[in-house]
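Here's the structure we're looking at; comments come further down.
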Amino acid sequence: MNEIKTPKDVLDLMKRESVEVVDLRFMDFPGLWQHFSVPAHEIDEETFTEGLGFDGSSIRGWQAINESDMLVKPVADSAFIDPFFQHKTLVMVCNICDPITGEDYPKDPRNIARKTVSYLQASGIADTVFIGPEAEFFIFDDVRFDQNEHEGYYHLNSIEGRWNTGRIENPNLAYKPRYKEGYFPVPPTDSLQDIRSEMMLVMERIGIPIEAQHHEVATGGQCEIDMRFAPLVEMADNVLKYKYIIKNTAKKYNRTVTFMPKPLFNDNGSGMHVHMSFWKSGKNLFAGDGYAGLSQEAMWAIGGILKHAPALLAFTNPTTNSYKRLVPGFEAPVNLAYSSRNRSASVRIPMYSSSEKAKRFEFRCPDPSSNPYLAFSAMCMAAIDGIANKIDPGSPLDKDIYDLPPEELAMVPKTPGSLRAALEALEADHEFLLKGDVFTQDVVDTWIDYKMEHEVKALDLRPHPWEFALYYDI
C-alpha cells in the first residue's frame with residue numbers, strides 16, 4: 001500500500017478493489033486501538049478534511065459527557081486492505097480533532113507523536129527520528145482469569161509449555177522448550193514457525209517491512225517478529241498494525257496472544273527494545289568517531305535518556321505488570337547504564353555493523369504494553385533534551401553487571417521498582433516533555449491520575465494468590 005499518498009489515491013484504490021466497508025481507527029489514551037466502520041459510499045475527498053463525528057466521552061481518559069462530540073480525520077497514506085474481514089474492508093488510521101475549533105486534540109496520542117517530530121525539526125537538531133522496536137509476545141492455547149470478592153486466579157496454557165512434559169496428550173511428544181532455553185531451537189521444539197511466518201507475510205502484504213521472525217527465550221510460546229525501522233509516527237502506526245495482525249492470525253489458529261510484559265512466573269518476560277537514531281539532510285547524526293562509533297550528539301542523547309529514564313518508564317513501561325519483568329536475573333535492564341554489546345545495560349549500542357547508516361542506540365527498558373505514540377515521543381523528547389543541554393552520560397559500563405561486586409553495583413542507578421514509583425518520577429520530572437507544547441500539562445496530569453486510580457490503587461485493593469501461601473496460616 002506504499003503507493004497510496006493522497007485522498008484521490010485512496011478513492012481509486014477503493015474502486016479498484018471493490019471496497020465495501022471503510023474501517024476508521026484511532027488510539028485511545030491508555031493504548032488500545034479503537035474503530036468504527038462506515039459504508040464505502042460515505043467516504044469522499046471531503047471526508048479527509050471535514051472528518052466524521054463520534055462520541056469522545058466513551059473513550060478512556062478523554063472528553064467529559066458535556067463535551068463529547070469529536071471528529072476523526074482519516075490519514076490517506078495509512079490506508080490498507082484488511083486481511084481478516086469477510087467483506088472487503090479498507091482501513092485508515094485517523095487523527096482526532098475538535099469539531100468546533102477544528103484543532104488537533106491534545107490528548108490524541110498520534111497528535112502528540114506528530115508534535116514531537118515537529119518540535120525536533122523546529123529545534124534544528126534533526127529532521128527525522130528513526131525508530132526500530134523489537135516487540136515480544138506470547139502465543140497461548142488457553143487463558144482463563146477472574147477476580148471478584150471471594151476469588152482471584154489466572155490459568156495459562158501452551159502446548160509448548162515445559163510444565164506440560166508430563167501431561168497426557170495422546171500422545172505427548174515431549175518437544176517443549178526448556179525454561180529460559182527457547183532462543184531458538186529448530187522445529188519440532190519450535191512449534192510456532194508456520195504461525196509466525198504467516199504473521200510476517202501478512203504484515204509485508206500490507207506494507208510493513210519485516211527483518212526477521214523467531215522464537216524467544218521463554219517456554220510456553222514466546223516469540224518475536226522484527227519490523228524494519230521507520231520514522232516515528234509511521235512506526236507507531238506500524239506497531240498497532242503489528243499487534244492487530246499477530247492477534248488475529250493467532251485467533252485464526254484458535255490461539256491467543258498477549259503483549260503483557262510478564263505473564264509467566266520464573267521465566268523471561270516480554271520486552272520491546274527500542275532502537276533510535278536522529279538524521280538530518282539524509283545523514284545519520286549518531287554516527288561518529290567516539291565510543292562504539294557514536295557521535296557526540298548520540299552520547300548527549302543517551303545522557304538525556306538515562307537522566308530522564310525513571311520518568312520515561314511511566315510511558316515506556318506503563319503497567320503494574322511491567323515491573324514484574326524489570327527484576328534482576330532475567331536479562332531485564334534494571335541498571336541505568338550504557339554499553340556496547342552488553343545486553344544487561346539499559347542502553348546498548350549494537351555492534352552488528354560498522355556502517356554509518358546503522359549507528360544507533362537501543363533503549364532496552366520499554367515493553368510492548370506501552371502506547372507506542374507516547375513511548376516513542378517521550379524517548380525522543382528525552383534525547384532532544386540531552387542534546388540541547390549536552391547531558392554527559394558518564395562512563396560506559398562494559399562489564400557483566402550481574403558479576404559486579406555489591407559495592408560497585410550499588411553505585412549504578414536503578415529503574416523504578418513499581419508503576420507507582422515511575423509515576424512519581426514523572427510527576428517530579430516532566431518539564432522536558434512540555435517543551436514545544438508536545439506533552440501538555442493536562443496530558444501528563446491525566447496520565448498520572450488515570451494510571452494511579454485505575455491500575456496502581458486498583459491492584460493495591462486486591463488480595464494476591466501468593467499472599468494466601470504466605471499468610472493464610474499465621
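We use all heavy atoms of the structure for the numbers below, so side chains are in, but hydrogens, waters and symmetry mates are not.
- Taking CD1 of Ile96 as the reference point, atom NZ of Lys107 lies at 13.5 Å (rounded to 0.5 Å).
- A distance of 8.5 Å separates CD of Glu216 from SG of Cys223, quoted to the nearest 0.5 Å.
- The two residues Val327 and Ala332 come nearest to each other via the heavy atoms O-CB, 3.6 Å.
- In this structure the side chain of Glu45 reaches within 4.5 angstrom of the side chain of Lys8, judged on heavy atoms.
- Of the listed residues (Trp447, Tyr105, Tyr450), just one forms a ring-ring contact (aromatic ring centres under 6.0 Å, His included) with Phe29, and that residue is Trp447.
- For the pair Asp460 and Arg420, the minimum side-chain heavy-atom distance is below 4.5 Å.
- The aromatic rings of His308 and Phe432 sit parallel to each other, their planes meeting at less than 30°, with 60° as the upper class boundary.
- Taking the ring centroids of Phe439 and Phe315, they lie under the 6.0 Å cut-off.
- The closest side-chain donor-acceptor pair between Thr47 and Asp44 falls under 3.5 angstrom.
- Using a 3.5 Å distance cut-off with no hydrogens or angles, the side chains of Asp237 and Tyr373 do pair a donor with an acceptor.
- Shown here is Tyr253, whose OH atom has more than 12 heavy atoms of other residues, nucleotides or ligands within 6.0 Å.
- Side-chain contact annotation: Asn157 with Asn164, donor-acceptor N/O pair under 3.5 Å present.
- Surrounding CZ of Arg178 are at most 12 heavy atoms belonging to other residues, nucleotides or ligands under 6.0 Å away.
- For the atom pair CG of Asp190 and NZ of Lys176, the computed distance is 13.0 Å after rounding to the nearest 0.5 Å.
- Judged purely by distance below 3.5 Å, without hydrogens or angles, the side chains of Ser197 and Asp194 never pair a donor atom with an acceptor atom.
- Ring geometry, Phe361 versus Phe286: the interplanar angle falls under 30°, so the pair is classed parallel (tilted spans 30 to 60°).
- The one candidate from Ile245, Ile246, Leu240 that meets the side chain to side chain contact (heavy atoms under 4.5 Å, CB included) condition with Tyr242 is Ile246.
- Minimum heavy-atom separation, Cys365 to Leu326: O-CD2, 4.3 Å.
- Around atom OH of Tyr154, no more than 12 heavy atoms belonging to other residues, nucleotides or ligands sit under 6.0 Å away.
- Here Asn371 contributes atom CG and Asp28 contributes atom CG; the two are 7.5 Å apart, rounded to the nearest 0.5 Å.
- Annotation for Ser370 and Met272: closest pair OG-CE, 3.5 Å, computed over non-hydrogen atoms.
- Ring pair Phe130/Trp279 is perpendicular by interplanar angle, where above 60° counts as perpendicular and below 30° as parallel.
- Donor-acceptor pairing under 3.5 Å is recorded for the side chains of Asn317 and Asp367.
- Glu134 and His275 share a side-chain donor-acceptor pair at under 3.5 Å.
- The minimum heavy-atom distance linking Arg360 with Ser277 is given by the pair CB-CB, 4.1 Å.
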Open item on the list: Evaluate Asp449 against Thr446 for side chain to side chain donor-acceptor pair (under 3.5 Å), listing each step before the verdict.
Closed with: CA-CA 5 Å; Asp449 292 345; Thr446 301; 6.0 Å; no

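- A donor-acceptor contact closer than 3.5 angstrom is absent between the side chains of Glu455 and Thr319.
- Checking Val438, Leu426, Val443 one by one against Leu433, the side chain to side chain contact (heavy atoms under 4.5 Å, CB included) holds for a single residue, Leu426.
- The two residues Val10 and Ala76 have their closest heavy-atom pair at CG2-O, 3.6 Å.
- Pairing each heavy atom of Gly51 with each of Leu71, the nearest pair is C-CD2, 4.4 Å.
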